[in-house]
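Report on the following structure.
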Amino acid sequence: MAGFDKTVDRVIEESVPGKQVTIAHCIASPMYDIYERLGIEDRGAIGILTLSPYETAIIAADIATKTADVEIGFLDRFTGSVVISGDVQSVETALKAVTDTLEKLLDFTTVPVTRT
């Protein structure tokens, strides 16, 4: 159109994940339905981790299983999610080892391990 000058600003946004643990949580004695919906065996407690960059989930699962008697219930390297299961003490030990190792060895920002 003649005389119509509209400037359009375009913005390109990128997500650049930092090196961080955003959740490190232990669910002690979860309801059986949670195990059933996750498709994992009832072992006493569930540990949940969310991490970025997402591939860190692989490192976290390795640390957790080498540190304590836990099993990997779920690992997703595309979302940075890890679910582990075991007795409460083992899950808490594994979560603490993951956060400590990532913080000290790889300079990650971490959160305290929490529990419900």
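Atoms considered below: every heavy atom in the structure, side chains included; atoms not considered: hydrogens, waters and symmetry mates. For clarity, every value in this text was computed on a predicted model and none was experimentally measured.
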Item checked: Heavy-atom closest pair, residues Ala61 and Ile72 -> CB-CD1, 3.6 Å
Notebook entry, point to check: Are Leu95 and Cys26 close enough that some pair of their side-chain heavy atoms sits under 4.5 Å apart?
Noted result: yes
Note to self: Side chains of Glu103 and Thr99 only: does a donor on one sit below 3.5 Å from an acceptor on the other?
What the structure shows: no
Note to self: Are there over 12 heavy-atom neighbours, none belonging to Arg43, within less than 6.0 Å of that residue's CZ?
What the structure shows: yes
Notebook entry, point to check: So do the side chains of Lys19 and Asp107 get within less than 4.5 Å of each other, counting heavy atoms only?
Noted result: yes
Note to self: Testing the basics here: between Phe78 and Tyr54, what is the closest heavy-atom pair and its distance to 0.1 Å?
What the structure shows: O-CD1, 3.3 Å
Check: Taking all non-hydrogen atoms of both residues, which atom of Ser90 and which atom of Asp69 are closest, and how far apart?
Finding: CB-O, 3.6 Å
Margin query: To the nearest 0.5 Å, what is the distance between CD on Glu92 and CZ on Arg115?
Written below: 4.5 Å
Notebook entry, point to check: Rounded to the nearest 0.5 Å, how far does OG1 of Thr101 lie from CD1 of Ile59?
Noted result: 10.5 Å
Margin query: Would a single hydrophobic cluster contain both Leu105 and Leu49, if residues Ile, Leu, Val, Met, Phe, Trp and Tyr are joined by side-chain heavy-atom contacts under 4.5 Å?
Written below: yes
Check: Are Val88 and Val113 linked, directly or through other ILVMFWY residues, by side chains that come within less than 4.5 angstrom of each other?
Finding: no
Margin query: Any heavy-atom pair between the side chains of Ile46 and Ile48 that's under 4.5 Å?
Written below: yes
Next item on the list: Quick one: closest heavy-atom pair of Ala64 and Val70, and the distance?
Entry: O-CG2, 3.4 Å
Item checked: Partner set under side-chain hydrogen bond (donor to acceptor under 3.5 Å, both in side chains) for Thr109, not counting sequence neighbours -> none
Check: Among the clusters formed by ILVMFWY side chains lying less than 4.5 Å apart, do Ile23 and Leu51 turn up in the same one?
Finding: no
Margin query: If I compare all heavy atoms of Ala94 with all of Ile84, which pair ends up nearest, and what's the gap?
Written below: CB-CD1, 3.8 Å
Checklist line | Flag, side chain of Ser52 to backbone of Gly18, donor-acceptor distance under 3.5 Å | finding: yes
Next item on the list: For residues Ala60 and Val98, report the shortest heavy-atom separation together with the two atoms involved.
Entry: O-CG2, 3.4 Å
Notebook entry, point to check: Can you find a side-chain donor-acceptor pair between Thr50 and Ser81 that sits under 3.5 Å?
Noted result: no
Distance-only donor-acceptor pairs under 3.5 Å for side chains of residues 31-42, two or more places apart:
{"unit_1": "Tyr35", "atom_1": "OH", "unit_2": "Gly44", "atom_2": "N", "d": "3.2"}
{"unit_1": "Tyr35", "atom_1": "OH", "unit_2": "Ala45", "atom_2": "N", "d": "3.1"}
{"unit_1": "Asp42", "atom_1": "OD1", "unit_2": "Gly44", "atom_2": "N", "d": "3.2"}

